[in-house]
Amino acid sequence: MKKKSPKLVATLVAVLTFANVFSLTGCGKTENTGSKAEQEVSFEISKIEQEVTSAQTDASVQTDVDTAQTQTDEQGVGTGGIMRAYSDKEKERMAGLQQSYQNETAKPEQMIQEVDSAEDVTEGTLCYIVSTGEYYLPDRELTDEELLEIIDCNFRISLNTNRKTQAEYEAEDRAKRAELEAKVKAAGGISEEKAVEIAQKAMETDLGEKAKELKLYINKTYGWSSDLCVADWSEIKEKDKGALAYSVGFNNVKEGMEIDNSLNYWCTVNAVDGSILEAYMIQGLGDNTVYYEHE
């Protein structure tokens, strides 16, 4: 698998231990999946290492805007006649609020109320009917808060429907890993166990006594002790770009500790000849990163 920004990957090891990760299970609903030790990421919110920065990427936001606009245009008389169309004034205000929502200058104070069916609607109260995918709009002008709740709900729907399942992501990851392992084997490369051994010795040399505080990071989803990848990120020397590599991580992260006290060490080992392509220590959220030279 292709390794992303080294600092981001190392920072995730600490951050995801201290934060609860949420999965989108429906419009306006989140499910607490619990604290994830070290680098394990919830696939329902993001894939990887990658999208920890923000779920509101340009593509997702555009999808949200398109979805919301479709909802605005198509909202009409629904089951039992409880639905109504948006007024021209509401459409105009929603367009402006969508832009503010996209720019993160306006957010609803709460998530929209959800009900299972039309029979559960409370007259005069905005809600989303899960069974039909429609909004019940009270017979009055909607407030900015209510319009924002609708926009937010549409955005959450677009996220949920545009993402692969965890099983699909895992299948892709295993296939990519198997492909890279086959290339390493064909090139007469080293094993993951050997790469971990090399990284361990490098860490002891670089960190001295501090190395005793750190333990090997193991991906709990797959059981891998490294990220088998193609070394092509910006910090890698030009002569090493494109090399197959094991990225091995160690950390002292544990439940209850302050994030500023977290310490991570990462060593990227050439999967063919066992040379060290990169080694660095990162503390906390990355303000203090030290790179080590290895020939």
Side-chain angles (χ1 to χ4, degrees), residues 1-17 37-41 48-50 173-254 261-284 286 288-295:
M1 293 176 291
K2 185 175 179 179
K3 185 170 180 288
K4 302 299 180 182
S5 169
K7 290 185 180 180
L8 174 59
V9 173
T11 301
L12 282 169
V13 175
V15 172
L16 295 177
T17 299
E38 304 172 329
Q39 197 181 352
E40 189 173 4
V41 180
I48 85 274
E49 303 117 2
Q50 309 97 322
D173 284 346
R174 294 183 192 282
K176 290 176 183 177
R177 176 83 177 204
E179 181 181 348
L180 292 176
E181 287 176 343
K183 290 182 178 180
V184 171
K185 184 176 181 180
I190 63 175
S191 65
E192 181 178 69
E193 291 76 13
K194 182 62 176 179
V196 169
E197 180 184 332
I198 293 170
Q200 176 82 37
K201 290 180 179 178
M203 179 179 66
E204 292 170 353
T205 298
D206 294 336
L207 302 187
E209 286 297 310
K210 274 188 177 181
K212 295 180 180 179
E213 303 174 17
L214 278 60
K215 295 182 179 180
L216 174 67
Y217 164 72
I218 298 177
N219 187 304
K220 293 184 179 180
T221 300
Y222 307 102
W224 300 331
S225 300
S226 72
D227 176 18
L228 182 53
C229 55
V230 176
D232 60 358
W233 50 96
S234 59
E235 290 84 354
I236 291 293
K237 296 177 181 178
E238 284 301 319
K239 68 181 182 64
D240 296 321
K241 290 283 180 72
L244 294 171
Y246 294 101
S247 182
V248 185
F250 302 85
N251 69 80
N252 68 343
V253 176
K254 57 185 177 182
N261 294 328
S262 65
L263 187 67
N264 298 272
Y265 177 88
W266 287 82
C267 184
T268 303
V269 180
N270 188 306
V272 177
D273 62 22
S275 61
I276 295 176
L277 305 181
E278 178 187 62
Y280 63 93
M281 180 272 291
I282 184 169
Q283 188 163 2
N288 183 16
T289 304
V290 179
Y291 285 87
Y292 302 95
E293 291 294 330
H294 288 272
E295 295 299 332

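For the single chain, residues carry numbers from 1 onward in sequence order.
At a threshold of 4.5 Å between non-hydrogen side-chain atoms, the residues Glu235 and Tyr280 do not count as touching. The shortest distance between side-chain heavy atoms of Glu192 and Leu228 does not fall below 4.5 Å. Cys267 places none of its side-chain heavy atoms less than 4.5 Å from the side chain of Ile198. Proximity of Ile190 to Val269: side-chain heavy atoms (C-beta onward) are separated by under 4.5 Å at one or more points. Residues Trp224 and Arg177 are in side-chain contact: their nearest non-hydrogen atoms beyond the backbone lie under 4.5 Å apart.
Scanning all heavy atoms of the two residues, the minimum distance from Tyr291 to Thr289 falls at CE1-CG2, 3.7 Å. Of all non-hydrogen atoms in Asn264 and Asn251, the two that sit nearest each other are OD1-CB, 3.1 Å. The two residues Leu277 and Ala231 make their nearest non-hydrogen contact at CD1-CB, 3.9 Å. Annotation for Ala279 and Asp206: closest pair CB-OD2, 3.9 Å, computed over non-hydrogen atoms. Residues Ser225 and Val248 come closest through the heavy atom pair O-CG1, 4.0 Å.
The salt bridge (charged side-chain N to carboxylate O under 4.0 Å, His left out) test applied to Glu204 returns no partner, not counting sequence neighbours. Remark: Lys241 pairs with Glu238 by the side chain to side chain donor-acceptor pair (under 3.5 Å) rule, at least two apart or across chains.
To the nearest 0.5 Å, atoms OG (Ser247) and CD (Glu278) are separated by 7.5 Å. For the atom pair CD (Gln200) and OH (Tyr265), the distance works out to 9.5 Å, reported to the nearest 0.5 Å. In this structure, CG on Leu263 lies 6.5 Å from CG on Leu207, to the nearest 0.5 angstrom. In this structure, OH in Tyr246 is found 10.0 Å from CG in Asn270, a value given to the nearest 0.5 Å. To the nearest 0.5 Å, atoms NZ (Lys215) and NZ (Lys254) are separated by 8.5 Å. The OG atom of Ser191 lies 12.5 Å from the NZ atom of Lys185; values are rounded to the nearest 0.5 Å.
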Worksheet item: Step by step, would you call Thr268 with Asp227 a side chain to side chain contact (heavy atoms under 4.5 Å, CB included)?
Response: CA-CA 9 Å; Thr268 303; Asp227 176 18; over 6 Å; no
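Under 4.0 Å is where a charged nitrogen must lie from a carboxylate oxygen, and between Lys194 and Glu197 at least one such pair does.
Remark: side-chain polar atoms of Asn252 are paired, donor with acceptor, to backbone N or O of Asn261 under 3.5 angstrom.
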